[in-house]
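Here's the structure, in structure tokens; my notes come after.
Remember, it's 1-based here, ligands and their atoms both numbered in the order they're listed.
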Amino acid sequence: MRVAMIGSGYVGLVSGACFADFGHDVVCVDKDPGKIERLKAGVMPIFEPGLDQLVASNVKAGRLSFTTDLAEGIKGAEAVFIAVGTPSRRGDGHADLSYVYAAAREIAAGLSGYVVVVTKSTVPVGTGDEVERVMAEANSAAEFSVVSNPEFLREGAAIGDFKRPDRIVVGLEDERARAVMAELYRPLFLNQSPLMFVGRRTAELIKYAANAFLATKITFINEIADLCEVAGANVQDVARGIGLDNRIGSKFLHAGPGYGGSCFPKDTLALVKTAQDLGAPMRIVETVAAVNDQRKRAMAKKVIAAAGGSVRGKAVAVLGLTFKPNTDDMRDSPAIDIIQALQDAGATVRAYDPEGHEQAALVLKDVAYAADPYAALEGADVAVLVTEWDAFRALDMDRVKAALKTPVLVDLRNVYDPAEMARRGISYSSVGR
Ligand code: NAD
């Protein structure tokens, strides 16, 4: 099957490479010429485990190619995916759909025969109707169906998630599109991944409901962690105690510095706005977003307290910058708010992240980047573990202690054992324990 992917970022590139690996013929389109040039040269624009080999093998097999020319890319395609960004609109928190509509117009203008246009970008309920309208306006002769197929992959585990999804959600309003979508995903239901056909608006809402629910779970356990701290309880045991209940489940119950990343912050906000506009406000999600926002900077206060009440003129070593391990994505990473709050309080910051330095340098000012974790700790007054990369899970505590000017460690991911840290003479604080 011929497939075009408009937008070759995290979602477009991973989805395109995986569809090619299933045997489809895929052209990935992006309007960023630098990105396409790098991809043609075999250089990945993002860090995602396994992606470089997957892309290379499918390019070699002749099933995957890259172009900046949208009209050329969609020629002969039976399905054209829209996988462009839908960031928060500046000022009001609504999803900015300008990239989606611009792509839709361009697709419409280049169409020659019937095509299924599939929105993979996360878009508010009702966007499919507007995509349909915009396309008809741009080309009244165009023959097409508009489908919603939200993506649930996680950065850092994106290929596995795409190839073995918990479910595939397809929202459509006509039978002709259904046949194309069934053929496209046929390799996946051979793996017995459940394929759900629902109405288009329902599919659009499933994506936001999923992200808002997960964000709520994280925020819930974070508030329980705060309560544990004042009540003298252990949040990890509470999480295990509730997570073993099948009705609750153990995932997304790790207390930490608050959720970040390219999806949860913007998607919770966009859902809140949509719900308000439609007159069915989601007060739980409104609260989740507000609580999470405050939490990130509150983590800086934890560091300041651990440093004896002030970090003015002190050096803070930060381990981990990306919003989670195994990605170089810095979008809305909690590390940004934490570091800025520490700098506002007078600290200097030295950081180490296995993959994130390049992206971090674009959003953070006055941070020195170290070559390894111990170099970041050298001479620092306090260390703070922000992202739980594997590289930080078994640090040599003798070296940590020797490197730090004072042995103070704030562990925002609860990686280490408080009793063990006490035994080693490290002044240790974590979250909810
Ligand atoms: P991204 O910013 O990494 O990639 C978007 C790409 O689209 C960019 O490379 C940009 O240059 C390109 N683009 C924009 N307009 C274009 C146009 N008219 N023609 C060609 N290319 C164009 O974004 P992303 O993280 O891949 O997210 C894409 C969408 O998928 C968003 O709606 C996001 O919410 C959703 N999503 C993301 C994830 C994730 O983990 N990143 C997971 C699920 C869903």
(message) What verdict does the side-chain hydrogen bond (donor to acceptor under 3.5 Å, both in side chains) test give for D174 and S145, after you've listed the backbone C-alpha separation in whole Å, the side-chain angles of each residue and the deciding distance to 0.1 Å?
(response) CA-CA 7 Å; D174 64 272; S145 304; 3.1 Å; yes
(request) Is it possible for you to check whether R167 lies under 6.0 Å from the centre of the six-membered ring of F152, through NZ or CZ, and within 45° of that ring's axis? (result) yes
(request) With heavy atoms of L153 as the reference, note each atom of ligand 1 found under 4.0 Å away. (result) 40 (O), 42 (C)
(request) Can you see which heavy atom on A289 is nearest to which on Y259, and at what distance? (result) CA-OH, 3.6 Å
(request) May I ask you to identify the nearest protein heavy atom to atom 4 (O) of ligand 1, giving residue, atom name and distance to one decimal place in Å? (result) G9 CA, 3.2 Å
(request) Could you list which atoms of ligand 1 come closer than 4.0 Å to a heavy atom of E151? (result) 43 (C), 44 (C)
(request) Could you walk me through whether E155 and S262 pass side-chain hydrogen bond (donor to acceptor under 3.5 Å, both in side chains), step by step? (result) CA-CA 9 Å; E155 289 179 18; S262 67; 3.3 Å; yes
(message) I need the atoms of ligand 1 closer than 4.0 Å to a non-hydrogen atom of T86, numbered in the order shown.
(response) 31 (C), 32 (O), 34 (O)
(request) For ligand 1, find out whether one of its N or O atoms is nearer than 3.5 Å to an N or O atom of R154. (result) no
(message) Please compare I6, D267, L97, D30 and report which has the shortest non-hydrogen distance to atom 12 (C) of ligand 1.
(response) D30
(request) Using only heavy-atom distances, determine whether the side chains of D372 and Y352 contain a donor-acceptor pair under 3.5 Å. (result) no
(request) Can you sort out which atoms of ligand 1 are near K266, meaning under 4.0 Å from one of its heavy atoms? (result) 33 (C), 34 (O)
(request) Below 4.0 angstrom from a heavy atom of K35, which ligand 1 atoms are there? Numbered from 1 as shown, please. (result) 8 (C), 9 (O)
(request) Evaluate the criterion salt bridge (charged side-chain N to carboxylate O under 4.0 Å, His left out) for residue pair E229 and K302; output intermediate values, then yes/no. (result) CA-CA 12 Å; E229 284 182 17; K302 212 181 206 353; 2.8 Å; yes
(message) Only heavy atoms of A83, strictly under 4.0 Å: list the atoms of ligand 1 that pass.
(response) 5 (C), 28 (C)
(message) Under 6.0 Å from the ring centre and within 45 degrees of the ring axis: does the NZ or CZ of R331 meet both conditions for the six-membered ring of F323?
(response) no
(request) Run down the list L13, T119, V11, V100 and name the one with the heavy atom closest to atom 27 (O) of ligand 1. (result) V11
(request) Would you tell me whether H357 and D328 have side-chain atoms, one donor and one acceptor, within less than 3.5 Å of each other? (result) no
(request) Check if A102 has a non-hydrogen atom at a distance under 4.0 Å from any atom of ligand 1. (result) no
(message) Looking at ligand 1, is there an atom of it that comes within less than 4.0 Å of some heavy atom belonging to K207?
(response) yes
(request) Return the residue, atom name and 0.1 Å-rounded distance of the protein heavy atom closest to atom 7 (O) of ligand 1. (result) G7 CA, 3.4 Å
(request) Starting from atom 17 (C) of ligand 1, locate the nearest protein heavy atom and write down its residue, its atom name and how far away it is, to 0.1 Å. (result) K31 CD, 3.9 Å
(message) Set out, in order, the CA-CA distance, both residues' side-chain angles and the distance that settles salt bridge (charged side-chain N to carboxylate O under 4.0 Å, His left out) for K120 and E151, then state yes or no.
(response) CA-CA 6 Å; K120 208 169 230 334; E151 182 50 57; 2.9 Å; yes
(request) Report the nearest protein non-hydrogen atom to atom 16 (C) of ligand 1: residue, atom name, distance rounded to 0.1 Å. (result) V84 CG1, 3.5 Å
(message) I need the nearest protein heavy-atom contact for atom 23 (O) of ligand 1: residue, atom name and distance, please.
(response) R331 NH1, 3.8 Å
(message) Please find the pair of heavy atoms, one from N414 and one from S430, that lie closest to each other, and give the distance.
(response) OD1-CB, 3.0 Å
(request) Let me know which of T216, T122, D267 forms a side-chain hydrogen bond (donor to acceptor under 3.5 Å, both in side chains) with N211. (result) D267
(request) Starting from atom 18 (N) of ligand 1, find the nearest protein heavy-atom neighbour and note its residue, name and distance. (result) E106 OE2, 3.8 Å
(request) Could you tell me if the ring centre of F19 sits under 6.0 Å from that of Y185? (result) yes
(request) Please write down residue, atom name and distance for the protein heavy atom closest to atom 35 (C) of ligand 1. (result) T122 OG1, 3.5 Å
(message) Give me the nearest non-hydrogen protein atom to atom 41 (N) of ligand 1 as residue plus atom name, then the distance to 0.1 Å.
(response) E155 OE2, 2.8 Å
(request) Among R295, K301, K296, find the residue that satisfies the side chain to side chain contact (heavy atoms under 4.5 Å, CB included) test when tested with M299. (result) R295
(request) Enumerate the atoms of ligand 1 whose separation from the nearest heavy atom of G85 is less than 4.0 angstrom. (result) 5 (C)
(message) I'd like to check which ligand 1 atoms, numbered from 1 as shown, lie under 4.0 Å from a non-hydrogen atom of S121.
(response) 29 (C), 30 (O), 32 (O)
